[in-house]
Amino acid sequence: MKRIIFVCMCVVTALLFSSCGVSRTVPITGRKQNLLVDDAQILSLSNQQYQEYMKTAKASSDAANTQMVRRVGQRLATAVETYLANNGMAEEVRTFSWEFNLVNDKSVNAFCMPGGKIVVYEGLLPVTKDEASLAIVLGHEIAHAVAKHSAESMSSQIRQQYGLQIAGGIANMAGVSSGIQQLGTMAASAGLRLYSSGFSRKQESEADHLGLIFAAMAGYDPGVAVAFWQRMSAATGGGSSSLLSDHPSDASRIKNIQAWLPEAMNYYKAIGQSVSSSAPAVRQQTRPTSTMPTIHISSKKK
């Protein structure tokens, strides 16, 4: 009898995940994902949390730096959307509604909500120092949105919760449909941590990889990434910022970035333009950059 119950529970689990899961491939890296939360769910939660956060946050009073963050961010967003549209992923573009804000907070940090709502803290700018390094950070944050890391993390939490329920004997054959209906509620519970909790080490490493390439696509020299992350580690003591909290060790990060640089440089050279990595200090960078050209680059994993 126990064996029959166990088999039934396994069937329930298989039916639940196969009926809810949506498979997708992360652009550029080619990593496969199975998501239990759809775009409508995650974007609704994201927008709600973002609005709540912005009600309590204090916008930066530095007009020049605020404009710089928006300028660099929009340049990256345009490059990423162009790449996705040119490589058969136009549907992905429709999920983004980009917004870039600089807030009065001395923390050395930044975050991106699903759908493209990005917040940079003023305390990060003395570490970035120039626009190219800021592009590395914003590319990293945009990568979390493009790779749907929040939906992936939420899906993992949902699987864990259902696994605990099934292991405890709560699930039964009649509970499959009701369990599917509860996905939204469980997603909402996980969603309370959309911008406050770190991603997995695998996701953070993937964001490093994609962010490097996104910066290159937008015409920013990806070669500044090594020096930036070294400064970041020194400024935060190697992990006090959520940008670093779940990442590989500093040595591993630098090694990975150095390995990815030749790939990123291919994108950088392909668009035939650059933004100097030795640009003036952030408060002096007020001139708009040139328009991002259309790019046509294969989406195959290098």
Side-chain angles (χ1 to χ4, degrees), residues 24-33 72-73 75-90 92-93 96 110 112 118 128 130-149 152 199-233 243-244 246-279 289-290 292-302:
R24 76 181 291 267
T25 301
V26 178
I28 297 174
T29 68
R31 185 172 65 85
K32 303 297 182 182
Q33 295 173 308
V72 175
R75 184 181 178 120
L76 281 157
T78 299
V80 169
E81 288 192 351
T82 300
Y83 173 84
L84 294 174
N86 287 347
N87 288 277
M89 292 171 277
E92 301 273 334
V93 174
F96 298 120
C112 177
I118 294 177
T128 56
D130 54 62
E131 290 196 17
S133 296
L134 177 61
I136 296 298
V137 174
L138 293 179
H140 174 100
E141 297 304 329
I142 287 173
H144 282 308
V146 171
K148 299 190 178 183
H149 285 159
E152 186 176 39
F199 294 105
S200 72
R201 189 161 291 189
K202 176 176 66 176
Q203 291 169 328
E204 291 289 1
S205 184
E206 186 170 60
D208 281 349
H209 185 182
L210 291 174
L212 199 66
I213 290 173
F214 290 163
M217 284 180 180
Y220 295 98
D221 182 3
V224 306
V226 171
F228 163 70
W229 286 116
Q230 288 172 337
R231 294 196 302 272
M232 187 70 174
S233 178
L243 277 171
L244 294 170
D246 288 306
H247 276 285
S249 66
D250 295 337
S252 295
R253 157 178 271 125
I254 298 304
K255 182 178 179 180
N256 288 338
I257 287 174
Q258 289 172 332
W260 294 324
L261 271 175
E263 178 187 4
M265 289 302 297
N266 288 333
Y267 290 86
Y268 182 55
K269 293 174 182 177
I271 64 173
Q273 67 180 70
S274 67
V275 175
S276 174
S277 63
S278 58
T289 54
S290 58
M292 173 64 196
T294 301
I295 53 177
H296 300 272
I297 305 172
S298 171
S299 60
K300 293 183 179 179
K301 184 178 178 181
K302 304 271 182 190

task: Give the minimum heavy-atom separation between Ala110 and Val137, together with the two atoms involved.
output: CB-CG1, 4.1 Å
Glu152 with Arg31: basic N within carboxylate O range, under 4.0 Å: yes
field: Close side-chain approach of Val146 and Phe96, heavy atoms under 4.5 Å
entry: yes
query: For the side chain of Gln203 and the backbone of Ser200, is there at least one donor-acceptor N/O pair under 3.5 Å apart?
result: yes
Any residue meeting side chain to side chain contact (heavy atoms under 4.5 Å, CB included) with Ala77, in chain and number order, not counting sequence neighbours: Gln74, Trp98, Phe100
message: Applying salt bridge (charged side-chain N to carboxylate O under 4.0 Å, His left out), can you list everything that pairs with Glu81, at least two apart in sequence or on another chain?
response: none
task: Looking only at non-hydrogen atoms, find the nearest pair between Ala207 and His149 and report the distance.
output: N-CE1, 4.2 Å
task: Working to the nearest 0.5 Å, report the span between CD1 of Ile28 and CE of Met217.
output: 3.5 Å
- prompt: Considering residues at least two apart in sequence or located in another chain, which fulfil the side chain to side chain contact (heavy atoms under 4.5 Å, CB included) criterion with Glu92?
  reply: Arg24, Leu84, Met89, Lys148
message: The criterion is side chain to side chain contact (heavy atoms under 4.5 Å, CB included); which residues satisfy it with Ala225, sequence neighbours excluded?
response: Ile136, Leu212, Trp229, Ile257
query: Do you know the tightest heavy-atom contact between Ala215 and Ala135?
result: CB-O, 4.0 Å
- prompt: Does the side chain of Leu261 come within less than 4.5 Å of Pro222's, by heavy atoms?
  reply: yes
message: For Ala264 versus Ala216, what's the shortest heavy-atom pair and its separation?
response: O-CB, 3.3 Å
query: Are side-chain heavy atoms of Asp208 and Asn256 found at a separation under 4.5 Å?
result: no
message: For Thr128 versus Arg231, what's the shortest heavy-atom pair and its separation?
response: O-NH2, 2.9 Å
- request: Nearest 0.5 Å please: distance from the OG atom of Ser133 over to the CG atom of Leu138.
  value: 11.0 Å
- request: Rounded to the nearest 0.5 Å, what's the gap from CD1 on Ile118 to NE2 on His140? Could you check?
  value: 10.5 Å
field: Modelled atom types, side-chain donor and acceptor of Glu206 and His144, under 3.5 Å
entry: no
query: Parallel, tilted or perpendicular: which fits the ring planes of Tyr267 and Tyr83, with parallel below 30° and perpendicular above 60°?
result: perpendicular
task: Enter the distance from Trp260:CH2 to Ile213:CD1 here, rounded to the nearest 0.5 Å.
output: 9.0 Å
task: Taking all heavy atoms of Phe214 and all of Gly139, pick out the closest pair and write down the distance.
output: CD1-O, 3.8 Å
query: So, Gln33 side chain and Ala147 main chain: donor-acceptor pair closer than 3.5 Å or not?
result: yes
- prompt: Do Val26 and Leu210 come close enough that some side-chain heavy atom pair is under 4.5 Å?
  reply: yes
field: Arg253 side chain to Ser233 side chain, donor-acceptor N/O pair below 3.5 angstrom
entry: no
